Amino acid sequence: MSDLLELTGAQAAERVGAGELKASELFDAYRERAAAEELNAFLWLAESAPDPPPDAPLGGVPLAVKDLFCVEGVPSMAGSRILEGYRPPYTATAVEKLVAAGAPVLGKTNMDEFAMGSSNENSSYGPVRNPWDRNRVPGGSSGGSAAAVAAGLAPWAIGTDTGGSIRQPASLCGIVGLKPTYGAVSRYGMIAFASSLDQAGPLTRDVTDAALLFRHMVGRDPCDSTSLDFPGDIPLPSAERLEGLRFGVPPELTGEGVEPGVRAVLDDTLKLVEELGGAIEEIALPHSPHGIAAYYVLAPAEASANLARYDGVRYGPRRGDGDLLSLYEETRAEGFGPEVKRRIMLGTYALSSGYYEAYYGQAQRVRTKIADDFRAAFERVDLVITPTSPTVAFELGERTADPLAMYLSDYCTVPMPLAGIPAISIPGGLSEGLPVGIQLAGPAFSEPKILDAAYALERAIGFDGSGARA
Ligand code: GLN
């Protein structure tokens with residue numbers, strides 16, 4: 001790979017700003033590399049990019065965008081056949097903001113259909129391959145974005161996280177992924193999965209890039225009533241030490257089910273935390289083991305309502321033999337893949353009268369308990385540290401026949417979106433030659449603190465990601 005493509009997003013933006021590099025040259029280099037890729041990471045590529053506005057903070061450095069972000073006039077299908085050929089008449093706020101800051105869209109990245117999955121194998125457009133080992137999954141659902149950044153097909157990318165879909169693929173591909181506080185980034189123009197959980201965030205080569213993209217994504221948007229202004233600035237991270245920071249280790253998310261190789265990387269990271277002056281203590285998150293059960297009631301319940309709009313009338317292909325019922329039935333039967341259908345059935349059942357209290361009501365109560373656990377923990381510690389994924393990247397096909405095994409991929413990442421709090425995944429090291437992600441979570445709007453701690457750790461870890469860019 002040429003030196004140009006080795007630059008992080010921030011480094012490239014700086015060179016463009018200094019007049020040492022032309023933004024169009026950078027775009028063309030990535031465009032060419034992405035067009036030749038063999039990972040199936042991209043579903044669509046831009047032909048060209050507008051010149052960045054003068055002094056644009058993101059310098060014209062191109063951005064890979066998960067397919068579920070609406071981009072005006074550009075295929076935006078959320079990885080689903082039911083939206084094949086759909087070109088929205090407007091652009092998602094998060095994308096619009098990044099483009100305005102000088103990061104033009106390079107392409108749309110492959111993903112699990114409607115962001116439902118942990119391996120990218122649920123995409124209607126074929127699985128994505130992990131650049132570290134092409135027989136393995138890149139994680140999901142933002143697998144295309146993660147694989148593209150890890151393989152050097154894009155300098156940086158955005159994705160969305162509902163139960164882990166930024167952090168888990170970042171972990172499996174050896175890059176950085178930040179899931180922001182719920183509401184920090186507008187959801188307007190994101191094709192919805194589960195609206196009370198979905199959040200957009202960056203997938204990047206390093207922590208500085210994550211901070212830089214995040215800084216230009218945040219803010220209240222009148223088009224999303226759940227969005228808010230970020231309280232305070234988002235500085236670029238600079239911490240070298242961790243003095244004064246207390247890290248909580250929850251046995252519930254670091255013990256049973258975590259692969260020995262993953263646990264070993266966590267242990268090495270905990271040693272580094274102490275060497276850098278941070279304090280470690282055990283904390284309890286007693287309800288977090290129920291996170292997966294609660295999530296798989298709440299997320300499908302919300303999805304079943306959000307996906308009711310795909311009826312063959314408004315978007316995408318239309319099937320049926322002329323009468324209304326067959327239009328609905330055949331469009332949905334053909335357009336949705338098996339995992340999406342499973343979620344619609346689960347969600348519709350959980351919301352049906354007579355079962356509503358037993359499932360949805362109960363899951364909401366568990367959600368509150370999980371949030372309360374974090375609140376109590378953050379009275380004692382600043383950040384919670386866990387592995388991001390209990391395992392390294394698994395083989396293609398290994399978990400497709402067993403939905404429960406697939407769902408457990410998000411065991412460590414699901415509690416945070418249920419509580420609405422931010423979390424980052426950074427590469428901690430390798431196990432069996434494959435990347436292991438370390439997760440740091442903090443209270444709502446603690447992103448600057450999380451980014452700083454992640455930055456100090458990143459420097460101490462010195463992870464080498466070149467194994468994905470061969
Ligand atoms: N893997 C989880 C799921 O299948 C989370 C997906 C996500 O965060 N979008 O729902």
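Order of appearance sets the numbers: ligands from 1, and atoms from 1 within every ligand. What you see is a predicted model, and the numbers here were worked out from it, not measured in a lab. The first residue of the sequence shown is numbered 1, and numbering continues consecutively from there. All values below were derived from every heavy atom in this structure, side-chain atoms included, with hydrogens, water molecules and symmetry-related copies excluded.
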I'd like to know if [X] pairs up with [Y] as an ion pair, taking the criterion as any Lys NZ or Arg NE/NH1/NH2 lying under 4.0 Å from an Asp or Glu carboxylate oxygen.
X	Y	answer
Asp67	Lys108	yes
Arg375	Asp372	yes
Glu339	Arg343	yes

Discussion item. Please output the residues near ligand 1 using a strict heavy-atom distance under 4.0 Å, listed in chain and residue-number order.
Written reply: Ala115, Met116, Gly117, Ser118, Ser141, Asp161, Thr162, Gly163, Gly164, Ser165, Phe193, Tyr295, Tyr296, Arg343, Asp410

Worksheet entry | salt bridge (Lys or Arg N to Asp or Glu O under 4.0 Å) pairs, two or more places apart, involving residues 389-417 | Arg136-Glu395

Fill in: Qualifying ring pair (Phe, Tyr, Trp, His ring centres under 6.0 Å) pairs with a residue from residues 197-227, counting only residues at least two apart or across chains
Phe214-Phe230

Practice prompt. If a pair satisfies ring pair (Phe, Tyr, Trp, His ring centres under 6.0 Å) and one of its residues is in residues 382-439, list it, with sequence neighbours excluded.
Written response: Tyr296-Tyr407

